[in-house]
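So the structure is just underneath, and the comments pick up after that.
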Amino acid sequence: MRKNITTLALLAMALVMVLSACGTPATTVAPATAVPATSVPATAVPPTAVPPTVTPQPFIFGMLLVGAKNDNGWSQATYDGGMYVEQKIPGSQMLYLENVYSGSPSYPGQTASQLADQLVAQGAKLIFFNSDDMKDEALKFANANPTVYVIGVSDDWTWKDGQNYTASANQVDIMARMEYMKMIAGCAAALTTQTGKIGFLGPLINAETRRLASSAFLGAQYCWTNVLGKNAADLTFTVTWIGFWFNIPGFTSDPTQVADNFYNTGYDVVISGIDTTEALVEAEKAKAAGNPVWALAYDYQSNCNVAPDICLGVPYFNWGPAFLTTVKTAIDGTWAENFQWNSPDWTNINNLDTSAVGFNKGAGLSADNSTKLDAFIAQLAGGLNLWTGPINLQDKTVYLTAGTVATDQQIWYLPQLLEGMQGDSVPAQ
Amino acid sequence: MKKNIWINIGFQVGALVLALLITTLILVAVGAPPLKAYLSILHGALGSTSNVVAVLITWSPLLLTTAGVLITFSAGLWNIGMEGQMTVGAIFATGMLRMLQNSSLPPAVIIILGILAGVVGGAFWASLTGALKTFGGVNEIFGGLGLNFVATALTIYLVFGPWKRPGVGSMSGTQPFDERLWLPTLPGTGLSLWSLGISVLVIVIVYLLLRGTQFGLRLKAVGKNSKAAFLMGVPTWQYSMFAFLLCGAFAGLAGGIQVLGIYHRLLPNISNGYGFLGLLVAMLVNYQALWAAPIAFLFAALNIGSVQLQIQYKLDSSFAGVLQDMLVLLVLLGEGARQTFMKKR
Amino acid sequence: MDTNTLLVGLAGVLATAAPVLFAVIGETITERAGIINLSLNGTVLLSAMGGFMVAYKTDSVLLGFLAGMVIGMLVALVIAFSSITLKQSQVAVGFVLALACRDLAYFLGVPVLNQSGPRLPGLSIPFLKDIPVLGTLFFKQDLITYFSYLIIFLAWWWIFHTRPGLMLRGIGERPAAAFVRGANVNRLRYLYAAIGGAIAGLAGPAYSLSVKAGWMGIQSGLDGIGWIALSITIFGGWNPLRAAFGAYLFALLQWLGLVLQSKLPGVPTQVLQVAPFPLMILTLLLVNISDAEWVERILAAMPERPRRWMMKLLRTLRASPPASLGVPFDSE
């Protein structure tokens with residue numbers, strides 16, 4: 001009998017040990033939860049806050065994030081945009097859910113619109129859908145909940161002149177003209193590359209990603225030929241797609257391997273187009289191993305901090321201002337269905353209160369190239385438009401004849417990559 | 001004898017308490033208030049009609065996979081391949097819909113054919129595991145596991161290849177189907193009474209089948225001692241194979257419902273882990289069909305309720321999984337401890 | 001692609017295979033002792049998170065690797081305890097642990113999610129690195145990759161060329177016979193489960209502190225690796241050398257998928273990652289059917305050359321699992 005009890009006690013202890021072994025590190029770590037420094041200080045929400053009832057009529061809005069709120073990328077940029085609103089509108093509060101995407105293991109069997117319902121149940125009157133992956137769900141939710149405001153980040157449903165216009169009175173779609181910043185990134189890459197080979201770490205293939213990869217290429221080509229005076233044919237620009245915005249094992253290609261493969265095969269600058277930081281992390285590793293390479297980050301203004309030395313810069317989204325004005329219209333009742341494709345503030349692209357996109361230079365950019373890049377930025381600000389013909393598509397069909405300036409539709413719905421770029425334009429087959 | 005029952009209950013309760021204790025410790029470890037967290041899950045699952053509806057939506061496929069594994073478990077088989085069977089069910093359903101969506105057939109017919117295609121797909125995929133097991137001697141755990149990943153690869157191939165959205169190559173899935181081809185739902189919710197009704201019917205049938213029929217008895221005989229059953233004249237391999245087919249059919253049904261009732265398209269990971277979760281439920285109820293429905297409901301409720309945990313306390317929603325896994329693990333170990341304890345007495 | 005790029009690429013293959021190798025070698029040892037550790041997928045994730053967390057907190061990569069080993073060992077001991085002492089199904093407990101450790105990793109890993117932490121530095125080996133071809137291929141890696149080369153041969157030597165190794169094979173094949181010869185079967189099984197688990201526990205930190213540095217939760221890209229390792233163990237026929245071949249083959253296929261992305265129209269390259277699974281099924285099939293009568297008959301009916309070829313293929317792919325794999329041993 002006694003032996004049995006001992007066995008049982010041992011059993012219990014063994015289990016507690018296993019679990020506490022897993023748990024112990026966490027206890028010591030808890031304070032480290034803080035989000036990496038951002039210029040928009042995280043106020044309000046203490047970690048254990050329940051929706052406040054003290055402030056009269058707080059405006060609660062919800063945000064569905066495709067990734068983690070501190071992913072150093074797309075999701076963190078949109079999350080910070082929400083924090084900006086929270087900070088500027090006293091009494092407003094943001095609720096959010098992370099890792100919301102089709103088939104996400106975090107929410108088995110629940111679609112984004114159902115998760116939005118959960119946020120509404122907590123008092124949210126406006127919901128941000130932060131990803132193209134939730135595009136259909138955003139529209140579905142907006143139609144099913146006419147009294148809740150919906151903001152579709154990067155969607156085009158409410159673009160009257162777009163291909164997918166669908167009336168949706170309670171919806172606003174917001175995108176920023178990242179094309180310019182990608183051109184700057186491409187220019188920085190072209191100025192820096194020693195081998196003349198630039199890699200583009202692409203997410204999934206759609207109109208948005210084609211347009212951004214192609215913009216980076218246009219910037220690279222311009223600086224390669226016009227600033228450095230080199231031959232266009234000597235520049236290699238290759239796009240490799242992983243299949244989603246970030247790595248999902250077994251379902252996407254592994255971005256770590258894609259980045260490594262670029263660096264190992266003579267590509268000395270990789271422009272990241274995905275939500276996470278593999279291009280930078282692997283560049284740092286390659287550099288430590290004696291391979292002089294650089295990377296350009298994406299999405300989030302402080303993304304270079306992941307690996308400052310090899311970072312040439314980061315083209316980033318600054319959602320705060322657009323989110324703020326739009327949320328305000330929801331509060332004061334002036335909301336109207338609309339589509340925004342917001343421009344940078346060319347007087348200062350890094351003005352966080354006015355510019356929809358920006359470019360922060362990284363420590364890896366040489367002083368000389370930094371000056372050249374500034375000149376390029378000034379040209380863009382002065383009206384240089386690289387989306388001007390002649391531009392051919394990858395299959396050599398003419399897209400823009402000489403001198404023609406692309407319309408917004410031609411840029412947004414770019415059907416292929418451009419001539420001179422390597423990599424798939426459209427998915428296999 | 002009576003005393004034994006109390007000891008049994010004691011062990012089970014002890015296991016549950018220990019499981020809760022451990023999860024509570026885990027909550028404390030990450031600095032969350034445990035009681036409030038549990039209440040928040042409860043409230044998130046049952047606090048409003050829309051939450052209960054959400055629970056019911058996820059309950060339905062879980063019931064189907066649980067019903068399926070109850071059959072294979074009875075036959076002494078570990079159908080770990082249900083994820084793949086669900087996936088192939090979803091692929092078949094999508095294929096059928098794609099084939100018929102532009103035809104002049106009435107939507108109801110297309111929907112029914114789609115679901116049936118799912119059933120066939122799931123059964124087909126299960127038959128592969130079954131055939132590997134019965135004719136090739138390949139353990140169903142490894143066969144099933146391997147075929148899960150093959151099914152995933154198949155989905156990826158289809159989603160990025162032949163069935164891709166025009167001009168798009170994304171994990172997000174195929175083009176959503178026209179709304180007329182969706183499984184009808186209660187207005188304003190995503191809950192389909194059809195899917196719920198079918199699932200409940202299936203679990204009832206499985207319960208009756210295993211409990212009162214000769215088929216059920218023989219199936220269990222095969223599961224307990226295949227050689228003895230064979231000597232008693234039970235066609236053992238046929239029974240094993242049939243168990244796989246039936247389980248696969250239920251999994252495929254669940255896959256079809258995911259396509260027609262939830263996502264309205266095919267996407268990678270469409271099985272959502274329901275196959276694995278069904279295995280957990282069946283293990284927790286010690287393979288008793290009677291308890292399967294409420295425990296499956298509990299698991300579904302945990303999944304939904306934990307969303308509130310993230311909204312309110314910023315805790316990762318994987319907590320639902322932790323709680324589910326711990327319950328099953330401790331109950332398994334508790335059962336082992338009980339047997340060891342009883343044997344030594 | 002010139003020779004050097006090819007070599008550097010292949011060197012990358014060796015590095016990416018290292019974590020899988022640890023998982024596979026660990027599992028091989030465990031299964032040789034007659035125990036199936038089905039928790040591998042959870043072990044990899046939890047040890048990756050735990051290893052990173054410890055390294056992040058202590059700023060010591062070494063402690064991170066140690067933490068990974070401890071986690072792997074503890075998980076394996078739970079399985080050993082439940083199967084050896086409690087006589088419960090190893091498969092059931094292993095499966096639940098696979099899920100439990102995964103969920104725990106995600107839940108407990110939140111505090112270090114997406115933080116930059118320490119990473120094992122590269123360490124070229126002087127002199128050896130200058131050997132043409134081989135230097136670039138093998139000797140410009142990091143410590144854990146060198147250790148991964150070592151562990152293959154260590155495990156192989158231990159299992160097939162030492163007395164304790166003979167005993168190890170004995171307790172997995174015919175525990176009763178080993179018992180009669182004086183082996184404490186269950187104690188040894190505990191021991192080898194722990195050792196195998198600890199080695200498998202290196203897989204996690206090998207990712208989070210080297211190959212895919214950092215912890216990114218469900219975006220880490222590690223969920224599924226353990227199942228792949230499990231299938232490679234079987235493909236490897238419980239022989240460390242062949243298992244290593246399997247792990248390298250897997251990493252090579254992943255790399256080829258990338259290199260060939262533009263040259264394989266119509267095939268999404270991530271589909272190639274699935275290759276270990278059909279190979280596993282084929283191996284298991286051959287284990288069981290290569291002696292079957294109908295196979296002999298088909299072979300006999302074949303013309304001479306294809307038959308020779310087939311028989312050779314069958315022989316190479318054949319493997320025999322430890323006879324008492326997953327069977328509990330009771331000395332009474």
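Naming convention: chains lettered A, B, ... in sequence-line order (proteins, then strands); numbering from 1 in each chain. All heavy atoms count here, side chains included; hydrogens, waters and symmetry mates do not. Just so we're clear, the structure is a prediction, and the values are computed from it rather than from any experiment.
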- [ ] Decide yes or no on side-chain contact (heavy atoms from CB on, under 4.5 Å) for B:His264 and A:Asp136, but give the supporting numbers first.
- [x] CA-CA 11 Å; B:His264 310 121; A:Asp136 300 312; over 6 Å; no

Task: Top contributor to chain B interface from A:Asp117, A:Thr209, A:Leu119 [non-hydrogen pairs under 4.5 Å] - done: A:Leu119

TODO: Flag the one option from B:Gly273, B:Ser317, B:Ser306 with the top tally of heavy-atom pairs under 4.5 Å to chain A.
DONE: B:Ser317

Open item on the list: Around atom NZ of A:Lys125, are there more than 12 heavy atoms from other residues, nucleotides or ligands closer than 6.0 Å?
Closed with: yes

- [ ] Please round to the nearest 0.5 Å and tell me the distance separating atom CG of B:Asp316 and atom CD of A:Glu98.
- [x] 7.5 Å

Open item on the list: Out of B:Val53, B:Asn269, B:Asn303, B:Leu267, return the one with the most heavy atom pairs under 4.5 angstrom to chain A.
Closed with: B:Asn269

- [ ] Could you check A:Lys135 against B:Ser172 for side-chain contact (heavy atoms from CB on, under 4.5 Å), going step by step and ending with a plain yes or no?
- [x] CA-CA 10 Å; A:Lys135 194 179 170 188; B:Ser172 300; over 6 Å; no

TODO: Look up atom CD1 in B:Ile304 and atom OH in A:Tyr107, then write down how far apart they are to the nearest 0.5 Å.
DONE: 11.5 Å

Task: Minimum side-chain heavy-atom gap A:Gln118-B:Asn51 below 4.5 Å - done: yes

- [ ] Name the region of B:Tyr274, side chain, backbone, both or neither, that has any atom closer than 4.5 Å to a heavy atom of chain A.
- [x] side chain

Open item on the list: Report which part of B:Ser318 has an atom under 4.5 Å of a heavy atom belonging to chain A: side chain, backbone, both, or neither.
Closed with: neither

Task: Any side-chain heavy-atom pair of B:Lys164 and A:Ile205 under 4.5 Å - done: no

TODO: Working to the nearest 0.5 Å, report the span between OG of B:Ser170 and CH2 of A:Trp241.
DONE: 11.5 Å

Task: Region of B:Pro268 in contact with chain A, defined by heavy-atom distances below 4.5 Å - done: both

TODO: Would you give the length of the straight line joining atom NZ of B:Lys314 to atom CG of A:Leu97, rounded to the nearest 0.5 angstrom?
DONE: 9.0 Å

Task: Heavy-atom side-chain proximity of B:Gln310 to A:Ser106 below 4.5 angstrom - done: no

TODO: Output the distance between atom CG (B:Leu266) and atom OG (A:Ser102), rounded to the nearest 0.5 Å.
DONE: 11.0 Å

